[in-house]
Amino acid sequence: MKSVIEAARKVGIHLDLQQQARFQRYCELIEIHNKRFNLTGHKTHVKIREELIIRSLRVLSPAGGSVPTPEWFTGKHAIDIGSGAGVPGLVMKIAIPDIEITLLDSTKKRTNFLEEVISDLKLVGIQVINGRAEDLGQNSAHRESYDVVTARAVARLPELAELTIPFAKIGGTVILPKSSGVATEVQEASVAAECLGAAPAIIIEIKNPGAALPDDMVYWMKICETPSRFPRRVGVPHQSPLI
């Protein structure tokens with residue numbers, strides 16, 4: 001756990017013994033479930049630690065300027081779209097216990113896993129929903145209700161804009177870790193982001209913590225309401241993204 005402790009320290013988080021134990025157990029549960037079904041493509045303890053845990057901590061990275069820092073997340077209400085094995089949402093919850101977070105995934109085996117982890121780690125202030133972003137984004141209990149919206153490796157940005165921005169309240173922030181070289185994709189998504197109520201994207205390269213390749217962190221701030229027709233019905237954002 002030394003590498004996880006050091007990675008958290010680099011983003012301004014000092015993990016106590018309970019948090020350290022939770023991260024250790026979380027890694028173990030991922031490994032156990034990977035033997036039963038394809039929870040994640042990362043199979044070894046090293047890869048799980050580096051690519052899932054440590055890399056997810058980059059979402060909390062204090063990159064400067066108006067970009068969120070770990071302290072900024074405390075007390076916020078967040079949703080992680082397409083959470084999968086719980087990245088980055090579950091990692092954020094363990095690292096910052098005071099954040100309220102919803103984990104959304106359309107695959108039942110993954111949401112079952114997330115519920116088992118939450119129970120095993122005795123986490124509170126976190127819920128799991130099995131469903132689609134297109135449907136939940138039209139639900140008044142979730143639409144424009146979140147301070148922070150995250151998603152990792154779910155889709156290209158023109159599609160992802162429609163799956164994430166409707167969840168953010170005005171003044172909220174969508175934070176999307178993407179592989180380096182995302183400028184063209186951001187440009188392609190600029191019309192969608194504006195139409196859905198977001199300001200032009202901020203892109204910051206995040207190299208640390210961890211040994212993984214750098215990420216381009218994309219930030220969209222919500223500045224006005226999303227038109228009621230968005231998100232469109234299930235599958236349409238993928239088939240006909242707003243460009």
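Because only heavy atoms are used, hydrogens play no part in the values below, and waters and symmetry mates are left out as well, while side chains stay in.
For Gln187, the side-chain contact (heavy atoms from CB on, under 4.5 Å) partners are Ser190, not counting sequence neighbours.
Side-chain contact between Asp216 and Val186: absent, with no pair of heavy atoms (C-beta onward) separated by less than 4.5 Å. Under the 4.5 Å side-chain criterion, counting only non-hydrogen atoms from C-beta, Val91 is in contact with Leu57. In this structure the side chain of Phe230 reaches within 4.5 angstrom of the side chain of Leu242, judged on heavy atoms. When side chains are defined from C-beta on, Leu123 counts as touching Leu90, because their heavy atoms get closer than 4.5 Å. By the 4.5 Å heavy-atom criterion applied to side chains, Arg58 and Pro88 are not counted as neighbours. Put simply, the side chain of Lys76 does not reach to within 4.5 Å of the side chain of Ile96, judged on heavy atoms. No side-chain heavy atom of Pro209 sits under 4.5 Å from any side-chain heavy atom of Glu6. Side chains of Thr107 and Phe37 form no contact here, defined as non-hydrogen atoms less than 4.5 Å apart.
When the side chains of ILVMFWY residues are joined at heavy-atom separations under 4.5 Å, either directly or via intervening members, Val148 and Ile204 end up in a single hydrophobic cluster. Hydrophobic clustering (ILVMFWY, side-chain heavy atoms < 4.5 Å, transitive): Ile5 and Ile48 are in one cluster. Clustering ILVMFWY residues whenever any of their side-chain heavy atoms sit less than 4.5 angstrom apart, transitively, puts Leu52 in the very cluster that holds Ile118. The cluster map of Ile, Leu, Val, Met, Phe, Trp and Tyr, joined by side-chain heavy atoms under 4.5 Å apart, puts Ile13 and Ile101 in the same cluster.
Note that CD of Gln20 and NE2 of His14 are 12.0 Å apart. Values are rounded to the nearest 0.5 Å. Rounded to the nearest 0.5 Å, atoms CG (Asp215) and CD1 (Ile206) are 8.0 Å apart. Atom CD of Gln127 and atom CG of Leu114 lie 12.0 Å apart (nearest 0.5 Å). How far OG1 of Thr150 is from CG of Asp80: 3.5 Å, rounded to the nearest 0.5 Å. Remark: Met217 CE to Ser61 OG distance equals 7.0 Å, nearest 0.5 Å. We find the CD1-CD1 distance between Ile99 and Ile94 to be 12.5 Å, quoted to the nearest 0.5 Å.
Asp16 places a side-chain N or O within 3.5 Å of a backbone atom of Gln18 that can act as its donor or acceptor partner. At least one donor-acceptor pair under 3.5 Å links the side chain of Lys93 to the backbone N or O of Val124. Using a distance-only test at 3.5 Å, with no hydrogens or angles considered, no donor-acceptor pair links the side chain of Gln138 to the main chain of Arg143. Distance alone, capped at 3.5 Å, places no donor-acceptor pair between the Asp98 side chain and the Gly75 backbone. Listed for the Asn34 side chain is a donor-acceptor partner under 3.5 Å among the backbone atoms of Leu39. Looking at Asn130, its side chain never comes within 3.5 Å of a backbone N or O of Thr111 through a donor-acceptor pair.
Applying the ring pair (Phe, Tyr, Trp, His ring centres under 6.0 Å) rule to pairs touching residues 70-95 yields His77-Tyr146, sequence neighbours excluded. Every pair passing salt bridge (Lys or Arg N to Asp or Glu O under 4.0 Å) that includes a residue from residues 109-124 is listed here, sequence neighbours excluded: Arg25-Asp120. The ring pair (Phe, Tyr, Trp, His ring centres under 6.0 Å) analysis of residues 82-136, with sequence neighbours excluded, yields the pairs His33-Phe113.
For Ile243, the CD1 atom is densely surrounded, since the number of other residues' heavy atoms within 6.0 Å is greater than 12. Enclosure of atom CD in Glu194 is not indicated, since only 12 or fewer non-hydrogen atoms of other residues, nucleotides or ligands lie within 6.0 angstrom.
In plain terms, the two heavy atoms of Glu225 and Lys222 that are nearest each other are C-CE, 4.3 Å. A pairwise comparison of heavy atoms in Val11 and Pro70 identifies O-CG, 2.6 Å as the closest pair. Nearest heavy-atom pair across Pro200 and Trp220 is C-CD1, 4.3 Å. Closest approach of Glu144 and Cys224 over heavy atoms only: OE2-O, 4.4 Å. Pairing each heavy atom of Gln19 with each of Leu15, the nearest pair is OE1-CA, 3.3 Å. Residue Gly210 comes nearest to Glu50 through the heavy atom pair CA-OE1, 3.8 Å, listed as atom of the first residue, atom of the second, then distance.
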Please tabulate, for the side chains in residues 169-179, all donor-acceptor contacts under 3.5 angstrom to protein atoms that are two or more places apart in sequence or on a different chain.
{"from": "Lys169", "atom 1": "NZ", "to": "Asp147", "atom 2": "OD1", "distance (Å)": "3.4"}
{"from": "Lys178", "atom 1": "NZ", "to": "Ala155", "atom 2": "O", "distance (Å)": "2.9"}
{"from": "Lys178", "atom 1": "NZ", "to": "Glu185", "atom 2": "OE2", "distance (Å)": "3.0"}

Distance-only donor-acceptor pairs under 3.5 Å for side chains of residues 159-167, two or more places apart:
{"from": "Glu159", "atom 1": "OE1", "to": "His238", "atom 2": "ND1", "distance (Å)": "3.0"}
{"from": "Glu162", "atom 1": "OE1", "to": "Arg232", "atom 2": "NE", "distance (Å)": "3.3"}
{"from": "Glu162", "atom 1": "OE1", "to": "Arg232", "atom 2": "NH2", "distance (Å)": "2.8"}
{"from": "Glu162", "atom 1": "OE2", "to": "Arg232", "atom 2": "N", "distance (Å)": "2.8"}
{"from": "Glu162", "atom 1": "OE2", "to": "Arg232", "atom 2": "NE", "distance (Å)": "2.9"}
{"from": "Thr164", "atom 1": "OG1", "to": "Leu160", "atom 2": "O", "distance (Å)": "2.8"}

Task: Working for side-chain contact (heavy atoms from CB on, under 4.5 Å), residues Leu60 and Met92 - done: CA-CA 8 Å; Leu60 311 175; Met92 293 165 62; 4.1 Å; yes

Open item on the list: Between Glu205 and Ser180, does the side-chain contact (heavy atoms from CB on, under 4.5 Å) criterion hold? Intermediate values first, please.
Closed with: CA-CA 7 Å; Glu205 184 181 61; Ser180 292; 4.1 Å; yes

TODO: Assess whether side-chain contact (heavy atoms from CB on, under 4.5 Å) is satisfied between Leu136 and Ile79, documenting all intermediate values.
DONE: CA-CA 11 Å; Leu136 201 68; Ile79 185 168; 4.1 Å; yes

Open item on the list: For a side-chain contact (heavy atoms from CB on, under 4.5 Å) check, start with the C-alpha distance between Arg152 and Val59, then their side-chain angles and the critical distance, and finish with the verdict.
Closed with: CA-CA 10 Å; Arg152 174 179 165 178; Val59 172; over 6 Å; no

